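Only one structure is covered here, and it is reproduced in the block below.
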Amino acid sequence: MDYGKHGHVINIQCSINEQEERFSYTTSISNTTPFPAVATLAVVSVRASSSWTVPEMMLEEDDPAGFGNMTAGTVPLPPVTTEQLEQVAAVTDGVIMAEAAEQQEAMEEESYFDSSMRPTHTAYLGKTAVLTCIVHAVKSDKSVSWIRGRDLRILTVGRYTYTSDLRFEALHTEGSSEWTLRIRSVQLRDQGSYDCQITTKPIRTFTVYLNVVEPTVEVLGSPDLFVNRASMINLTCIVHHAPFPPEAITWYHNNQTISYTSPRGGVSVVEERGETTTSFLLLQNAQPSDSGTFTCKPEGMQPALVTLHVLDGEQPAAMQTNTSALHSPAWSNLVTAFILSVFSHLCC
């Protein structure tokens with residue numbers, strides 16, 4: 001075994017003979033080697049066929065400097081029992097096992113976020129928002145937390161929810177890599193950042209921004225729409241940012257539900273459903289009695305209003321028309337479908 005400290009070289013070859021209780025060594029130690037270097041050497045454990053720890057070496061009385069005059073030879077050992085050897089072996093094994101455990105832990109894969117996670121999420125007002133954090137190589141069920149950014153409030157830790165707001169809930173299935181924060185009845189104040197945090201060293205964080213969208217309803221040309229007498233009236237109602245198309249859209253004229261089978265005749269409605277839902281109310285041969293307030297009311301949403309003015313030959317300077325709707329592809333298709341429908345009825 002070779003051991004050096006502070007630039008000094010110590011070469012020792014040693015063997016032990018338990019039966020004769022003798023210690024053989026060959027040493028080469030610099031005369032200037034300070035005693036702390038030898039003291040450091042004395043605590044080194046040596047593993048042979050059986051565990052052995054370096055005993056206190058016997059010095060000559062005329063050599064107080066510390067091993068400067070040692071030469072090859074033998075030194076009598078104090079009696080060593082089997083129990084002492086086993087104790088030394090146990091201590092040495094424990095140190096080695098602890099070091100191996102530390103190395104194994106350092107080599108283990110650290111927790112990390114899945115690369116497919118999105119930094120933004122859109123939720124609709126009054127609906128449910130689901131924020132999912134995907135973490136791999138999680139050490140324990142309590143390693144992942146959700147924290148609200150605006151006030152740094154801890155919302156969830158693992159599968160447990162830590163807030164009095166019952167709209168928030170932690171969701172996690174054992175063995176799954178998904179850690180979910182569910183928010184029911186989303187409000188506009190819920191909009192903002194939410195941090196998914198892993199308790200690693202250092203702590204790792206992935207921020208998700210929740211965008212809360214409020215559905216809106218509008219009637220093109222509002223608040224006032226002017227049309228000429230005997231022309232076709234087209235009222236276009238558009239629903240934006242709805243989580244799904246409304247089940248029904250009802251039209252009202254002066255707070256009365258419009259009947260498509262009324263004696264007036266010439267009333268029809270066409271709807272286009274999708275990410276944006278559009279309802280077209282068509283009235284042929286506009287009459288002064290058609291003037292008034294028209295209301296578009298999608299089910300479960302706020303209504304939108306427009307005031308219709310039927311003119312008898314006048315051309316006011318403030319006259320407005322929904323020409324954008326008239327020239328749109330949807331309007332062109334609608335007119336074509338309406339004409340074909342009327343033609344089919346006349347033929348039959």
Side-chain angles (χ1 to χ4, degrees), residues 124-126 188 213-348:
Y124 296 95
L125 183 67
L188 292 176
V213 177
E214 183 177 9
T216 59
V217 183
E218 66 167 335
V219 176
L220 297 182
S222 62
D224 294 284
L225 185 63
F226 298 85
V227 297
N228 291 319
R229 183 171 183 170
S231 63
M232 176 178 283
I233 300 172
N234 168 34
L235 300 181
T236 305
C237 178
I238 303 178
V239 180
H240 300 279
H241 308 307
F244 45 81
E247 293 185 4
I249 297 178
T250 305
W251 283 94
Y252 300 87
H253 180 218
N254 294 329
N255 297 324
Q256 298 295 320
T257 303
I258 295 177
S259 174
Y260 308 124
T261 59
S262 65
R264 182 198 183 283
V267 179
S268 60
V269 172
V270 178
E271 292 184 0
E272 293 182 352
R273 293 176 173 268
E275 293 185 3
T276 299
T277 299
T278 305
S279 176
F280 301 94
L281 173 63
L282 305 175
L283 298 93
Q284 300 180 66
N285 191 22
Q287 300 297 322
S289 59
D290 295 327
S291 295
T293 301
F294 284 81
T295 303
C296 171
K297 177 65 172 67
E299 185 173 342
M301 301 180 188
Q302 294 296 319
L305 311 177
V306 65
T307 300
L308 179 69
H309 304 271
V310 178
L311 306 178
D312 192 5
E314 304 108 345
Q315 294 291 332
M319 182 173 181
Q320 300 179 28
T321 61
N322 54 348
T323 55
S324 59
L326 292 173
H327 291 89
S328 66
W331 168 248
S332 300
N333 296 335
L334 179 62
V335 172
T336 302
F338 180 75
I339 294 175
L340 291 176
S341 175
V342 173
F343 181 75
S344 63
H345 284 289
L346 292 176
C347 291
C348 300

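As the structure is a computational prediction, the values presented were derived from the model and not from experiment.
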Starting from the C-alpha separation in whole Å, work towards a yes-or-no answer on side-chain contact (heavy atoms from CB on, under 4.5 Å) for Ser279 and Trp251. CA-CA 9 Å; Ser279 176; Trp251 283 94; 3.0 Å; yes
Val227 vs Leu308, side-chain contact (heavy atoms from CB on, under 4.5 Å): CA-CA, chis, key distance, verdict: CA-CA 8 Å; Val227 297; Leu308 179 69; 3.9 Å; yes
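Taking the side chain to side chain donor-acceptor pair (under 3.5 Å) definition, one finds that His253 meets it with nothing, sequence neighbours left out. Applying the side chain to side chain contact (heavy atoms under 4.5 Å, CB included) criterion to His240, with sequence neighbours excluded, gives Thr216, Glu218, Ile238, Thr276. In this view, Glu271 and Arg273 satisfy the salt bridge (charged side-chain N to carboxylate O under 4.0 Å, His left out) rule, not counting sequence neighbours. By the side chain to side chain contact (heavy atoms under 4.5 Å, CB included) test, Thr261 pairs with Ser259, sequence neighbours left out. Take Thr257 and apply the side chain to side chain contact (heavy atoms under 4.5 Å, CB included) test, not counting sequence neighbours, and it matches Thr250, Tyr252. Partners of Gln287 according to the side chain to side chain donor-acceptor pair (under 3.5 Å) rule, which considers only residues two or more places apart in sequence or in another chain, are Asn285.
Contacts classified as salt bridge (Lys or Arg N to Asp or Glu O under 4.0 Å) and involving residues 284-296 (residues at least two apart or in different chains) are given here: Arg264-Asp290. Listed by first and then second residue, the salt bridge (Lys or Arg N to Asp or Glu O under 4.0 Å) pairs involving residues 249-258 amount to none (not counting sequence neighbours). Sorted pairs that involve residues 231-250 and meet salt bridge (Lys or Arg N to Asp or Glu O under 4.0 Å), not counting sequence neighbours, are lacking altogether.
Considering only heavy atoms from C-beta on, Leu188 comes within 4.5 Å of Leu125 through its side chain. Residues Glu214 and Tyr124 have side chains not in contact (no heavy-atom distance under 4.5 Å, counting atoms from C-beta outward). The shortest distance between side-chain heavy atoms of Leu220 and Leu225 does not fall below 4.5 Å. Contact annotation: the side chain of Val269 never approaches that of Leu282 to less than 4.5 Å [non-hydrogen atoms, C-beta and beyond].
For the residue pair Asp224/Ser222, the side-chain donor-acceptor check at 3.5 Å is not satisfied.
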Donor-acceptor list for residues 291-307 side chains, cut-off 3.5 Å, not counting sequence neighbours:
unit_1	atom_1	unit_2	atom_2	d
Ser291	OG	Pro288	O	3.2
Ser291	OG	Val310	N	3.0
Lys297	NZ	Met301	O	3.0

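Note: Asn228 CG to Asp312 CG = 9.0 Å, rounded to the nearest 0.5 Å. Separating the CZ atom in Phe280 from the CG atom in Leu235 is a distance of 11.0 Å, to the nearest 0.5 Å. In this structure, CD on Gln284 lies 10.5 Å from CD1 on Ile233, to the nearest 0.5 angstrom. From Leu281, atom CG reaches atom SG of Cys237 across 10.0 Å, with rounding to the nearest 0.5 Å.
Within 6.0 Å of CG in Asn255 there are 12 or fewer heavy atoms belonging to other residues, nucleotides or ligands.
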